[in-house]
Amino acid sequence: MTTDSTCPCRMIDADKRDYVDCCKPYLEAGKAPPTAEALMRSRYTAFAQGDVDYLEATLAPGTRDDFDRKAITHWARQSQWLGLEVLSTEDGQEGDETGYVEFIANFSLDGERYAHRERSLFSKVDGRWYFQEEANRKNQPIVKGAQPGRNDPCPCGSGKKYKKCCGAAA
């Protein structure tokens, strides 16, 4: 990505920051995002760039055991990332220990457009923000399409992630 490109996490934002001034310090220089929202934005950018190592490294300790590198790599690299919409944040500032970010990640895969809506919990461990888990999912599919993604809510309505429910047998 060039230094004069709009950061993927800002493509549909009114605040269109360049990648070099937005997520690059986190993804390429190892700087810790100062807020839960900054971490969430950098994770979206990592998906857009196919940076699976960053995605795994920003998972909270103790939550990496079910990280499916192959599936995440496929999803990240085969998708065209169309933009991120931050809907709300709750806590997650520099002085907080936890925070929530609700967002919609827009992407297309195999020619079909998707809108992945999620409310995520972030936690701070040793002064650094990590993605903890999806929180307070509704019992309805969020991503529209023939096949839900592994982290989408299961279409059966259980409230669990697809990978932990009907997708576990697949």
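Computed from a prediction, not measured in an experiment: that's the story for all the values here. Every heavy atom of this structure was used, including side-chain atoms; hydrogens, water molecules and symmetry mates were not.
Between Glu102 and Glu90 there is no side-chain heavy-atom pair separated by less than 4.5 Å. Two residues are said to be in side-chain contact when any heavy atoms from C-beta on lie closer than 4.5 Å; Lys70 and Asp68 meet this criterion.
Atom-to-atom distance recorded for Cys7:SG and Gln49:CD is 7.5 Å, nearest 0.5 angstrom. Between Asp110 atom CG and Gln78 atom CD the span is 7.5 Å, to the nearest 0.5 Å. Atom-to-atom distance recorded for Ile72:CD1 and Asp53:CG is 12.5 Å, nearest 0.5 angstrom. Of the inter-residue distances, the one linking Leu27 atom CG with Leu55 atom CG reads 8.5 Å to the nearest 0.5 angstrom. Annotation: the span from Gln132 atom CD to Thr98 atom OG1 amounts to 9.5 Å, rounded to 0.5 Å.
In this structure, Arg77 contributes its side chain and Gly50 its backbone to a donor-acceptor pair below 3.5 Å. A donor-acceptor pair under 3.5 Å is formed between the side chain of Arg41 and the backbone N or O of Cys9.
Scanning for side chain to side chain contact (heavy atoms under 4.5 Å, CB included) contacts around Lys31 gives Pro25, Tyr26, with sequence neighbours left out. Contacts of Asp66 classified as salt bridge (Lys or Arg N to Asp or Glu O under 4.0 Å), with partners at least two apart in sequence or in another chain: Lys163, Lys164. Shown here are the side chain to side chain contact (heavy atoms under 4.5 Å, CB included) partners of Thr58, two or more places apart in sequence or in another chain: Leu39, Arg43, Tyr54. Under the ring pair (Phe, Tyr, Trp, His ring centres under 6.0 Å) criterion, Tyr44 pairs with Trp81, sequence neighbours left out. Contacts of Ile12 classified as side chain to side chain contact (heavy atoms under 4.5 Å, CB included), with partners at least two apart in sequence or in another chain: Glu85, Asn106. For Phe131, the ring pair (Phe, Tyr, Trp, His ring centres under 6.0 Å) partners two or more places apart in sequence, or in a different chain, are Phe122. By the side-chain hydrogen bond (donor to acceptor under 3.5 Å, both in side chains) test, Thr89 is found to be paired with no residue, residues two or more places apart in sequence or in another chain being considered. Here Asp91 pairs with Asp96 under the side chain to side chain contact (heavy atoms under 4.5 Å, CB included) rule; sequence neighbours left out. Evaluation of the salt bridge (Lys or Arg N to Asp or Glu O under 4.0 Å) rule for Glu56 yields Arg69 as partners, not counting sequence neighbours. With sequence neighbours excluded, the residues satisfying side-chain hydrogen bond (donor to acceptor under 3.5 Å, both in side chains) with Ser120 are Glu118.
Residue Glu94 comes nearest to Pro34 through the heavy atom pair CG-O, 3.2 Å, listed as atom of the first residue, atom of the second, then distance. Taking both residues in full, the closest heavy atoms of Ser108 and Leu82 are given as N-CD1, 3.9 Å, listed atom of the first, atom of the second, then distance. Considering every non-hydrogen atom in both Trp75 and Leu109, the closest pair reads CD1-CD2, 4.4 Å. Of all heavy-atom pairs spanning Cys23 and Ser42, the tightest one is SG-CA, 3.6 Å. Minimum interatomic distance between Arg64 and Ala57 (heavy atoms only, all atoms of both residues): NH2-O, 3.0 Å. For the residue pair Tyr19 and Pro8, the shortest heavy atom distance occurs at CD1-CD, 4.4 Å.
With a 6.0 Å radius and a threshold of 12 heavy atoms from other residues, nucleotides or ligands, Asp15 has its CG atom above the threshold. The 12-atom threshold is not exceeded at CD of Gln80, counting heavy atoms of other residues, nucleotides or ligands nearer than 6.0 Å.
In the hydrophobic cluster analysis, where Ile, Leu, Val, Met, Phe, Trp and Tyr join through side-chain heavy atoms closer than 4.5 angstrom, Trp129 is grouped together with Leu59.
Members clustered with Tyr130: Val125, by chain and number, using a 4.5 Å side-chain heavy-atom cutoff among hydrophobic residues.
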* Test Phe67 against Val52 for side chain to side chain contact (heavy atoms under 4.5 Å, CB included), laying out the working first. => CA-CA 10 Å; Phe67 183 76; Val52 179; 3.7 Å; yes
* Evaluate side chain to side chain contact (heavy atoms under 4.5 Å, CB included) for Met40 paired with Leu84, printing each intermediate quantity in order. => CA-CA 10 Å; Met40 190 277 308; Leu84 176 69; 3.8 Å; yes
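Ring planes of His116 and Phe103: tilted class, angle from 30 to 60°.
Screening residues 124-133 for salt bridge (charged side-chain N to carboxylate O under 4.0 Å, His left out), with sequence neighbours left out, gives no hits.
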